[in-house]
Amino acid sequence: MTRIVLIGAPAAVAVSLVLGVGLGGEDEVPLADRPQAVRQAATPAPNPLKAGSAAEQRALDERIDTLPPGLADPAKKEIAARLVASAEHSTLNWRGRYGAIEDLGDGNGYTAGIIGFCSGTNDMLQLVEAYTAAHPDNGLARYLPALRQVDGTDSHEGLDPGFAAAWVAEAKKQAFRDAQDAARDRIYFDPAVRLAKMDGLGTLGQFIYYDAMLLHGPGLDEHGFYGIRRAAMQQASTAAEGGDEKAYLNAVLDASRSIMKTRLSTAQRDTSRIDTAQRVFLRDGNLDLTTPLEWQVYGETFRIPAA
């Protein structure tokens, strides 16, 4: 998977470090869920993980908890996993990809697992660290020093020749599969779905956020997800701000597509996951991601039948 380098910290901590603000207090950066008349343009991106005081955070959590599950519904989450697998692995069988590992030559080092954890973008390191904390004797633990060393690069130093084989072997264990699921949800799925709900988006919008966060990483600059969200919000109002949901989602897809087109290789510049998949669902008005679904990625057609 091609994505920008993650900041080596949980997302909420990373946001506070980059923006120079805490996770509470009076210096709240405006959110679509809590709009302000004038946006603070001095920061590189709105802080989407901050809701003000502890009481405001609890109130926000309660509001989100009352919303429909959307993409977090198990059936919809399964659809999301299949859509991602079609773009990342050219298959709908995402459960068959826990042991996948290769260097795609995209500058991110090894890409592995169900969503393409990368040795060069910090999420693979986060995964192996968390897994090792729970299972100290696992076959990947001895590669942690090397993973820390190559983080942010495409180097295999200290990983070859045994890391890829160790990954494949570990992926046969249910505990490591569960750890991949947990890392996916913690780093990407849960934050994306939460923020999409705050922006007033339905199930398709939640998936568009999730896929963009996977593809671009939860970075704050213009090439990361939060920068893409900010660019879209400058072009259209979110549903939570009273805007048209389809118009806003088109703006998100436009911003994401524009960043994809700046990448170096032809494969990285392929935008079919947007053009002949997400944009098709949006054009058809399928904001709930209701099956049956049919889409194309890299010229290959995929289908999910009606439930």
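Computed from heavy atoms alone, side chains included, the values below leave out hydrogens, waters and symmetry copies. Only a predicted model underlies this, so the values are computations on that prediction, with no experimental measurement involved.
Other residues, nucleotides and ligands place more than 12 heavy atoms under 6.0 Å from the CZ atom of Arg148. Around atom CD of Glu157, no more than 12 heavy atoms belonging to other residues, nucleotides or ligands sit under 6.0 Å away. In Gln234, the CD atom is crowded: over 12 heavy atoms of neighbouring residues, nucleotides or ligands sit closer than 6.0 Å.
The hydrophobic clustering, which links ILVMFWY residues whose side-chain heavy atoms are closer than 4.5 Å, places Ile259 and Leu220 apart. Hydrophobic cluster membership differs between Val193 and Ile228, with clusters built from Ile, Leu, Val, Met, Phe, Trp and Tyr side chains linked at under 4.5 angstrom. Residues Leu67 and Leu71 do not share a hydrophobic cluster, clusters being chains of Ile/Leu/Val/Met/Phe/Trp/Tyr side chains in contact below 4.5 Å. Under the 4.5 Å side-chain heavy-atom criterion for Ile, Leu, Val, Met, Phe, Trp and Tyr, Leu287 and Val280 are members of distinct hydrophobic clusters. A continuous path of ILVMFWY side-chain contacts below 4.5 Å connects Tyr188 to Leu253, so both sit in one hydrophobic cluster.
Asp178 and Tyr98 form no side-chain donor-acceptor contact under 3.5 Å, judged by distance and modelled atom types alone. For the 3.5 Å distance criterion, the side chains of Asp123 and Thr121 qualify, holding a donor opposite an acceptor. Asp254 and Gln235 form no side-chain donor-acceptor contact under 3.5 Å, judged by distance and modelled atom types alone. Side-chain atoms of Asp270 and Ser272 include a donor-acceptor pair closer than 3.5 Å. Side-chain contact annotation: Trp295 with Gln278, donor-acceptor N/O pair under 3.5 Å absent.
Summarising the geometry of Val297 relative to Ser86, their closest heavy-atom pair is CG2-OG, 3.8 Å, with the distance given to 0.1 Å. The heavy-atom pair separating His216 from Ser256 by the smallest distance is NE2-OG, 2.7 Å. Closest approach of Tyr143 and Ala166 over heavy atoms only: CE1-CB, 3.9 Å. Nearest heavy-atom pair across Met198 and Leu60 is CE-CD2, 3.7 Å. Across every non-hydrogen atom of Glu170 and Asn138, the tightest pair is OE2-CB, 3.3 Å. The shortest non-hydrogen separation linking Asp103 to Asp154 is OD2-O, 4.3 Å.
Classified by interplanar angle (parallel below 30°, tilted 30° to 60°, perpendicular above 60°), the ring pair Phe176/Trp167 is perpendicular. The aromatic rings of Phe207 and Tyr210 sit perpendicular to each other, their planes meeting at more than 60°, with 30° as the lower class boundary.
A salt bridge does not link Arg230 with Glu222: none of the charged nitrogens is closer than 4.0 Å to a carboxylate oxygen. Taking a cutoff of 4.0 Å between a charged side-chain nitrogen and a carboxylate oxygen, Arg58 and Glu62 do not qualify as a salt bridge.
The closest donor-acceptor contact from the side chain of Asp185 to the backbone of Asp190 lies at 3.5 Å or more, if one exists at all. Panel note: side chain Ser237, backbone Gly243; no donor-acceptor pair is recorded below 3.5 Å. When atom types are taken as modelled, the side chain of Asn250 and the backbone of Lys246 share a donor-acceptor pair closer than 3.5 angstrom. Using a distance-only test at 3.5 Å, with no hydrogens or angles considered, a donor-acceptor pair links the side chain of Thr238 to the main chain of Glu241.
Contacts of Tyr209 classified as ring pair (Phe, Tyr, Trp, His ring centres under 6.0 Å), with partners at least two apart in sequence or in another chain: Phe225.
You'll find the side chain of Ile115 stays beyond 4.5 Å of the side chain of Glu88, heavy atoms only. In this structure, the side chains of Leu195 and Met213 stay at 4.5 Å or more apart for every pair of heavy atoms.
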